[in-house]
Amino acid sequence: KLGARAGRFTKLVKLLRFLPGMSEQNTDQGTAKVISARLITALSTRVSCLIIVMVMVMPLFSMWTYPEQDWSMKSFLDVLEKTSLRKPEKFQWQLEEFGRFYDEKDYYPFRLDFKKDASLHPNVTALLPWNSPRGPPNRMTNSVLLESSNLVAEFNFSKPNQIDSWMNVLLLIVVMVLMVGFSLVLSNSVSAIVLQPLEKLLLQVRRMASTIFQSVTDMAVTMKDDDSDDDSQEDDDDDKENSGNAFGNETELLEKVVQKLAVLSEITMNKSVVDAETMEGLGEGDRAVIQGFQGTSSADTNMWGEEQDSDKEEDSDYEVMLSAQKTMVENAGLSLDLLNSWNLNPLELDKARNHAAAMYFVGPHNHGISFDSVVMASFLESAENGYIKAVPYHNWFHAIDVTHGVYRLLRVCAGEAYLNNSERYALLISAVCHDVGHPGLNNTFLIETAHELALRYNDKSPLENMHCARLFEFASNARCNIFATLPKQQFQDVRKICIEAILHTDNAQHFAMIKEVQMMYEVNSEVLDASREFFNEDPEEFPTREAVDCFRQPESRKLLVKLMLHMADISNSMKPFRICRIWAWQVLEEFFLQGDAERRLGVPVQALNDREKVNRQFSQVGFIEFLVSPLVFAVIKVLPPTESHADQMIQNLKTWHNAWQTDTKPPPTDTEKKALSERVSKLEQKFINVR
């Protein structure tokens with residue numbers, strides 16, 4: 001208990017490292033070390049005194065107890081034995097001596113008899129059994145039995161046992177008094193060594209802060225009124241520098257704390273990853289990429305800002321489920337190696353293979369929640385029919401692609417270690433329906449044209465709200481109710497997760513999510529940096545136990561669920577360039593179709609939607625530079641297994657850059673080539689620094 005208390009006091013003492021020195025100590029030592037040494041010395045001295053006192057006091061209570069070495073009883077019994085055999089005529093006299101010897105003792109013999117098989121002289125047997133007039137003990141537990149070859153003696157130890165019990169009680173009382181007394185002494189010592197100086201230090205810090213603030217104010221006034229004091233000011237700066245060195249380690253620690261607070265403040269205050277100065281220096285095409293991705297027009301760049309903790313369930317039949325899923329995939333003509341890689345392209349698969357892939361991605365082996373496979377098949381069929389086939393990008397193939405991305409992220413980032421079954425199940429189902437019913441038009445278009453969805457959802461993420469509603473409309477049909485097996489509370493948790501995840505696929509939430517990831521890293525940087533180092537040494541070590549504890553925090557899990565779905569939704573730039581290029585062409589075609597509709601309706605054509613002005617390759621460079629890379633660079637600090645995606649993204653960036661240089665008509669000028677090359681090199685260097 002003393003050690004535990006000392007440990008708690010040590011934690012308190014460590015706080016003093018951030019404060020100025022409380023006394024004139026060697027500047028090479030931190031204040032905390034000095035106080036810790038003094039505290040250890042004081043506690044050690046007092047604990048040693050306690051031990052010495054207890055060692056000296058405890059033997060005192062044995063002075064009034066029965067002696068540990070008493071051979072009188074055994075000696076008398078041997079004498080009586082020999083007398084009965086050699087001189088039986090003197091046995092009576094010896095027996096009387098035996099009784100008189102214990103008259104003044106607290107313990108005494110109360111009975112002497114011979115054994116049944118003993119062969120003794122008649123003079124002896126006539127005197128036995130002998131009983132003492134002082135009588136036997138009230139409790140036979142106080143009787144002590146001794147034997148010789150022919151005789152048996154019983155002794156009454158009632159009084160010695162009572163004295164021994166009283167001494168034990170007194171010893172316990174004395175020990176308790178000593179412990180309480182020394183506890184008070186230790187408490188007073190800690191208070192005198194730590195708490196009182198700490199109070200003085202805090203008071204001193206408040207006074208110093210007040211003085212500093214007043215000095216800064218006075219200095220500013222002086223600098224405005226009198227420029228002739230520069231020399232004296234330099235002398236003051238030198239004095240401050242010299243005095244500052246006295247604080248040594250404390251100043252460095254305080255500087256780190258201030259830097260951390262500054263980073264967190266900057267992340268919180270910044271409204272966008274792309275600052276205003278950078279935006280001013282961007283060309284019209286680059287600004288169009290950013291505005292188009294966020295779903296905002298040039299006149300309106302507002303972004304809409306916007307616990308569950310269910311228990312993990314056992315995967316009892318995991319091997320059986322996995323075997324069934326593998327068989328289903330193989331019968332459909334798919335390769336597990338393809339599904340477990342980033343080379344899958346749903347656009348290259350037929351309907352049956354896409355359906356089999358979707359069944360595999362949402363299968364129970366990926367989350368542990370059982371369901372009726374027939375019901376799930378009906379649900380997937382309803383979801384497929386809910387996607388509009390004529391839409392070039394936001395179609396059923398995109399849903400399969402994103403579901404595959406979520407499945408892969410859960411696998412490579414060991415999602416099962418920190419996301420429970422409900423969260424993983426909800427995440428995969430959300431991926432299937434995250435864009436269901438998408439008309440190929442963004443939220444900005446719906447709002448500007450007063451579309452039915454914009455009116456229904458009050459201009460707040462109308463598409464994403466519609467996707468959530470369609471998902472649960474499908475599940476409300478008994479034939480498609482994939483949540484039927486869930487208890488009510490678990491269903492409510494899953495529904496909440498699905499809604500939260502899908503709503504955050506709105507690109508207006510993109511930069512806010514980047515800030516959340518950056519904040520998560522800054523707050524837990526030591527743990528996450530250590531986890532990343534372990535991953536670099538051995539990928540099997542991810543995540544570390546400390547990282548798992550961090551990820552299992554309710555807010556962290558909530559962020560990771562949203563992050564995985566959103567990252568899978570924009571993951572095309574992180575896939576092999578062959579697949580990346582196909583999807584880029586699809587999404588640009590969808591943008592251009594919206595631009596055509598805007599032109600027909602006479603509403604402003606969003607810059608990224610004008611097929612006559614947008615350079616396809618150049619738009620992808622801007623998309624990666626300003627939108628995808630800030631998120632990816634933040635994510636790899638938290639989830640280091642995603643570093644390979646960042647590497648592929650940089651390779652794709654270089655390929656788009658080369659394609660822009662060679663395919664653009666008319667060819668770009670040397671100035672334009674140099675400017676874009678510098679941007680690409682800068683982003684590549686940033687990745688190297690993050691890595």
Side-chain angles (χ1 to χ4, degrees), residues 272-275 277-296 298 301 342 392-393 442 507 510-511 514 567 569-592 595 606-636 642 644-691:
S272 173
V273 175
V274 184
D275 54 61
E277 183 179 353
T278 304
M279 282 288 288
E280 290 180 1
L282 295 179
E284 182 179 351
D286 293 323
R287 275 184 269 185
V289 170
I290 298 174
Q291 294 164 357
F293 181 76
Q294 291 182 254
T296 59
S298 58
T301 59
W342 293 103
Y393 181 76
N442 62 21
N507 289 328
H510 179 76
F511 292 111
I514 293 175
M567 193 167 180
D569 196 20
I570 62 171
S571 63
N572 299 141
S573 296
M574 296 172 269
K575 294 182 178 179
F577 186 75
R578 179 182 65 84
I579 299 176
C580 170
R581 184 178 183 276
I582 293 174
W583 285 112
W585 260 226
Q586 294 293 114
V587 71
L588 285 172
E589 181 57 29
E590 183 172 308
F591 289 164
F592 295 156
Q606 298 176 40
L608 197 59
N609 301 344
D610 194 336
R611 66 173 71 244
E612 302 300 329
K613 296 180 180 180
V614 173
N615 182 289
R616 293 172 181 258
Q617 294 85 354
F618 189 88
S619 69
Q620 293 306 300
V621 172
F623 178 73
I624 292 174
E625 180 183 5
F626 299 118
L627 302 168
V628 181
S629 64
L631 178 64
V632 174
F633 291 165
V635 170
I636 61 179
T642 60
S644 59
H645 306 328
D647 186 66
Q648 181 63 57
M649 177 190 70
I650 296 298
Q651 296 302 319
N652 292 341
L653 175 70
K654 294 179 180 179
T655 305
W656 285 121
H657 177 220
N658 294 333
W660 172 77
Q661 290 180 317
T662 57
D663 299 341
T664 300
K665 304 297 181 184
T669 65
D670 292 340
T671 302
E672 292 173 336
K673 289 182 179 180
K674 181 180 179 181
L676 191 58
S677 296
E678 290 177 352
R679 286 167 52 184
V680 171
S681 300
K682 183 179 179 180
L683 190 63
E684 185 177 6
Q685 184 59 45
K686 187 175 181 180
F687 172 56
I688 294 173
N689 295 336
V690 172
R691 174 184 254 172

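- At a threshold of 4.5 Å between non-hydrogen side-chain atoms, the residues I688 and R691 do not count as touching.
- To the nearest 0.5 Å, atoms NE2 (H657) and CG (L676) are separated by 4.5 Å.
- For the side-chain contact (heavy atoms from CB on, under 4.5 Å) test, residues two or more places apart in sequence or in another chain that qualify with T642 are L409, C413, M567, V635, I636, L639, H645.
- The CE atom of M574 sits 13.0 Å away from the CG atom of D647 when rounded to the nearest 0.5 Å.
- Sorted by first and then second residue, the salt bridge (Lys or Arg N to Asp or Glu O under 4.0 Å) pairs involving residues 658-668 (not counting sequence neighbours) form an empty list.
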Test Q606 against N442 for side-chain hydrogen bond (donor to acceptor under 3.5 Å, both in side chains), laying out the working first.
CA-CA 10 Å; Q606 298 176 40; N442 62 21; 3.1 Å; yes
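- F626 approaches F511 most closely through the heavy-atom pair O-CE2, 3.8 Å.
- Side-chain contact between I579 and N572 is absent, with no heavy-atom pair separated by less than 4.5 Å.
- With rounding to the nearest 0.5 angstrom, the CG atom of L588 is 9.5 Å from the CG atom of N609.
- Residues Q661 and S677 come closest through the heavy atom pair NE2-OG, 3.9 Å.
- Residues passing the side chain to side chain donor-acceptor pair (under 3.5 Å) test with Q648, sequence neighbours excluded: N652.
- Looking at residues two or more places apart in sequence or on another chain, you find a ring-ring contact (aromatic ring centres under 6.0 Å, His included) between W583 and Y393.
- Not counting sequence neighbours, the partners of K654 by the salt bridge (charged side-chain N to carboxylate O under 4.0 Å, His left out) test are E684.
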As a quick check of understanding, evaluate side-chain contact (heavy atoms from CB on, under 4.5 Å) for L683 and F633, giving each step before the final call.
CA-CA 10 Å; L683 190 63; F633 291 165; 3.7 Å; yes
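- In terms of heavy-atom proximity, L627 sits nearest to I514 at O-CD1, 4.5 Å.
- Here the CG-SG distance, from L653 to C580, works out to 10.0 Å after rounding to the nearest 0.5 Å.
- Partners of R581 by side-chain contact (heavy atoms from CB on, under 4.5 Å), not counting sequence neighbours, listed by chain and number: F577, W585, W656.
- In plain terms, the two heavy atoms of R679 and G622 that are nearest each other are NH2-CA, 4.3 Å.
- How far CZ of F591 is from CG of D610: 13.5 Å, rounded to the nearest 0.5 Å.
- Taking each heavy atom of R616 and S619 in turn, the nearest pair found is O-OG, 2.6 Å.
- Separation of atoms CG (N615) and OG1 (T664) is listed at 4.0 Å; rounding is to 0.5 Å.
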